[in-house]
Amino acid sequence: MDTSSIDYWLTDMDGVLVHENKAIPGAAELIEQWHRQKKPFLVLTNNSIFTPRDLSARLARSGINVPEEQLWTSALATAAFLKDQAPGGSAFVIGEAGITTAMHEAGFVMTDVDPDFVVLGETRTYSFEALTKAIRLINAGARFIATNPDVTSPSAEGPLPATGAVAAMITSATKREPYVIGKPNPMMFRSAMNKLGAHSKRTAMIGDRMDTDVVAGIEAGLHTVLVMTGIADDAEIARYPFQPKWVLQSVADLLDKDTGKGDSKTKKDS
């Protein structure tokens, strides 16, 4: 596996670097390797609940050193997109600190009076009153944005309804589909590359899902790396008409040999 043409790295977080808040073997070492080699990188997540500072602290508790400026969330990507679309605009936002902080920092006014946008993020406490307000504002002409399409999110007790499921309910009530920023929209990767100043031909994306990480990476023109430490397995890979450039057992296979590179399972080596 020759990665000499890769100057920039994007990587998913859950299933790639951590699993149930525990570091996946090789993850901390790979991040340190990128720091040591001064390789620009970003850790991506569709989760819009937490701020980059929150996520950096969470990773640190797992033994992985990722500064907050090297985290890119669907909330940040959403705020960056809307700032480009309507600088100084207004929005009615449903969500937690991740999306509200990002929208504030992008210069948006938060209001429930004739906003330009209704922005739906993820939260553990969806309010019926807030959802009713969102439906009425969208019917009145506000443009509908969702941070990510995930229909469920994990919890210790089992799956929880997430942004995509709540967006479907709002769509049913308004007949308006949201524009969804997070993966698999390649917009997520393009905004991350803009932050890095990266070019797609020299950028790779590491993920654990064919239906989000790999397809969005391919559509954004990136080199795609699928690791087998998350959702995907051989049967899942075979289902899709597109394939990642490389399939690895884990991120440990990306470590330099003198760091203790593991055995890779290379689907396509080029």
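Because only heavy atoms are used, hydrogens play no part in the values below, and waters and symmetry mates are left out as well, while side chains stay in. This structure is a prediction, so every number in the text was calculated from the model and none was measured.
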Practice item. Step by step, work out the side-chain contact (heavy atoms from CB on, under 4.5 Å) result for T11 and V43. Key: CA-CA 5 Å; T11 178; V43 175; 3.9 Å; yes
Point to revise | Transitive ILVMFWY side-chain link M205 to L196, under 4.5 Å | key: yes
Review point. Would you say V180 and M187 are hydrophobically clustered, going by side-chain heavy atoms of ILVMFWY under 4.5 Å?
Key: no
**Study point:** Side chains of L254 and W9 in contact at under 4.5 Å (non-hydrogen atoms)
**Key:** yes
Review point. For R202 and H223, what are the C-alpha separation, side-chain angles and deciding distance, and is it a side-chain contact (heavy atoms from CB on, under 4.5 Å)?
Key: CA-CA 8 Å; R202 304 197 311 277; H223 301 271; over 6 Å; no
Point to revise | Closest non-hydrogen atom pair, V119 against A91 | key: CG2-CB, 4.1 Å
Check your understanding: With ring centroids as reference points, do H199 and Y8 lie under 6.0 angstrom apart?
Key -> no
Point to revise | Separation between OG1 of T229 and CD1 of I24, rounded to the nearest 0.5 Å | key: 3.5 Å
Check your understanding: Any idea which heavy atoms bring D116 and G89 closest together, and the distance?
Key -> OD2-CA, 3.3 Å
Exercise for review: Would you please test E96 and T123 for side-chain hydrogen bond (donor to acceptor under 3.5 Å, both in side chains) and show each step?
Suggested key: CA-CA 6 Å; E96 297 192 19; T123 173; 2.8 Å; yes
Check your understanding: Can you check whether E236 reaches D233 side chain to side chain, under 4.5 Å on heavy atoms?
Key -> yes
Exercise for review: Heavy atoms only: give me the nearest T100-G95 pair and the separation to one decimal.
Suggested key: CG2-O, 4.2 Å
Review point. So T51 and D54, side-chain hydrogen bond (donor to acceptor under 3.5 Å, both in side chains) or not? Walk me through it.
Key: CA-CA 5 Å; T51 67; D54 297 331; 3.0 Å; yes
Practice item. Flag yes if more than 12 heavy atoms outside K22 fall under 6.0 Å of its NZ atom; otherwise flag no. Key: no
Practice item. For the pair Q37 and D256, evaluate side-chain hydrogen bond (donor to acceptor under 3.5 Å, both in side chains) and give the outcome as yes or no after the intermediate values. Key: CA-CA 11 Å; Q37 295 174 345; D256 289 341; 2.8 Å; yes
Exercise for review: Could you grab the distance from atom OH of Y179 to atom CG of N185, nearest 0.5 Å is fine?
Suggested key: 4.0 Å
Review point. So F41 and H35, would you call those rings parallel, tilted or perpendicular, with 30° and 60° as cut-offs?
Key: perpendicular
Point to revise | P184 side chain reached by T212 side chain, heavy atoms, under 4.5 Å | key: yes
Check your understanding: How about M103 and K83: do any of their side-chain heavy atoms sit closer than 4.5 Å?
Key -> no
Revision key, fill the gap. Taken to the nearest 0.5 Å, the spacing of S56 OG from R61 CZ works out to 10.0 Å
Practice item. Answer whether the closest heavy-atom distance between the side chains of W246 and T3 falls below 4.5 Å. Key: yes
Check your understanding: Nearest 0.5 Å, what's the CD1-CG distance between I181 and L76?
Key -> 12.0 Å
Point to revise | Gap separating the CE atom of M169 from the OG1 atom of T174, nearest 0.5 angstrom | key: 10.0 Å
Check your understanding: Is there a path of hydrophobic side-chain contacts, each under 4.5 Å between heavy atoms of I, L, V, M, F, W or Y residues, that connects W34 with M1?
Key -> yes
Review point. Any chain of hydrophobic side-chain contacts (each under 4.5 Å) joining I6 to L222?
Key: no
Point to revise | Flag side-chain contact, heavy atom, 4.5 Å: S153 against R124 | key: yes
Practice item. Kindly compute the distance separating CG (L226) from CG (D213), expressed to the nearest 0.5 Å. Key: 8.0 Å
Point to revise | Close side-chain approach of M13 and N47, heavy atoms under 4.5 Å | key: no
Exercise for review: Determine the minimum heavy-atom distance between M188 and T73, stating which atoms define it.
Suggested key: CE-C, 3.6 Å
Exercise for review: Could you check if a side-chain atom of L71 sits within less than 4.5 angstrom of a side-chain atom of L59, using non-hydrogen atoms only?
Suggested key: yes
Point to revise | side-chain contact (heavy atoms from CB on, under 4.5 Å) assessment of D7 paired with K39 | key: CA-CA 6 Å; D7 295 327; K39 288 278 189 182; 4.1 Å; yes
Check your understanding: Do the charged groups of D12 and R209 touch, with an N to O distance under 4.0 Å?
Key -> no
Exercise for review: Check the surroundings of atom CZ in R53: do more than 12 heavy atoms from other residues, nucleotides or ligands lie under 6.0 Å from it?
Suggested key: no
Practice item. Could you tell me whether E177 and K175 have a side-chain N and a carboxylate O separated by less than 4.0 Å? Key: no
**Study point:** Same apolar cluster: F81 and F92, side chain cutoff 4.5 Å
**Key:** no
Review point. Charged N to carboxylate O under 4.0 angstrom, R58 versus D14?
Key: yes
Exercise for review: Kindly check if the number of other-residue, nucleotide or ligand heavy atoms within 6.0 Å of CD (E20) is above 12?
Suggested key: no
Practice item. Please report the closest heavy-atom contact between L42 and E69, naming both atoms and the distance. Key: CD2-O, 3.7 Å
Exercise for review: Could you tell me whether a side-chain N or O of D208 sits under 3.5 Å from a main-chain N or O of I231, the two making a donor and an acceptor?
Suggested key: yes
Review point. What pair of heavy atoms forms the shortest contact from K133 to D112, and how long is it?
Key: CE-OD2, 4.0 Å
